[in-house]
Amino acid sequence: MIRVVFVCLGNICRSPTAEGVFRDLVIKNNLQSKIVCESRGTGPWHVGEPPDPRSQSCALQNGVDLSSLRGRQFSTYDFEVFDYILVMDESNYKDVLRQAGTEDDEKKVGYLLKYAQKPRGLNVPDPYQGGPEGFQSVFRMIEESAQGLLQHLKKEHQL
Ligand code: 4NP
């Protein structure tokens, strides 16, 4: 089993969107017995909460239901559980790396956007303070990168 976790700051906007989008892709490709995914936030504020209503409605417009997801905080234990720890921006990257215990832990950490077909930088912008267009563009970036990630995993693990 390949275990992937998506990490942002609050775990209510970007990383739950990535979890929902990527899980749908995995199911559509009939790989649910080979790949599992979850999401986390580096911060504690939204633990136990469902995704932001704006992220939920944006995802739902695109056919992805996030309503059953609940906020969880990233912890050092996640280095033991997951094979791929994919962050949304440079600040998440630093926060996660700071908690790594070994070189192997560090090697698991990467940027989701590195899997985008067209390179567009490393950061999925935090949409929390902005308007609805922000959520739509975040969704598109995540969707494109999630597809790239799945192609990468298929190749890397001969799925
Ligand atoms: P996310 O967005 O990291 O994409 O879930 C945020 C949500 C909430 C907060 C920050 C970012 N917050 O500070 O409460």
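Just so it is clear, the values below take in all heavy atoms, side chains as well, and ignore hydrogens, waters and symmetry mates. First listed ligand is number 1; within each ligand, the first listed atom is number 1.
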Q: Report yes if some N/O of C8 lies less than 3.5 Å from some N/O of ligand 1; otherwise report no.
A: no

Q. Are S39 and N11 close enough that a side-chain donor and a side-chain acceptor fall under 3.5 Å?
A. yes

Q. Does a side-chain heavy-atom distance below 4.5 Å link R40 with S15?
A. no

Q. Which bit of D52 is near ligand 1, meaning a heavy atom under 4.0 Å away: side chain, backbone, both or neither?
A. neither

Q) So, N92 versus D89: side-chain donor-acceptor pair below 3.5 Å or not? A) yes

Q.
With heavy-atom distances below 4.0 Å as the criterion, list the atoms of ligand 1 near C13.
A. 1 (P), 2 (O), 4 (O), 5 (O)

Q.
Are there over 12 heavy-atom neighbours, none belonging to R72, within less than 6.0 Å of that residue's CZ?
A. no

Q) Side chains of Y84 and L153: closer than 4.5 Å at any heavy-atom pair? A) yes

Q: Please indicate whether any nitrogen or oxygen in H46 is less than 3.5 Å from any nitrogen or oxygen in ligand 1.
A: yes

Q.
For atom 2 (O) of ligand 1, what's the nearest protein heavy-atom neighbour? Residue, atom name and distance, please.
A. D126 OD1, 3.2 Å

(Q) Regarding ligand 1, does S15 bring an N or O atom to under 3.5 Å of one of the ligand's N or O atoms? (A) no

Q.
Side chains of D65 and S67: any donor to acceptor distance under 3.5 Å?
A. yes

Q: For ligand 1, note which part of I12 has a heavy atom under 4.0 Å away: side chain, backbone, both or neither.
A: both

Q) Can you find an N or O of L9 that's nearer than 3.5 Å to an N or O of ligand 1? A) yes

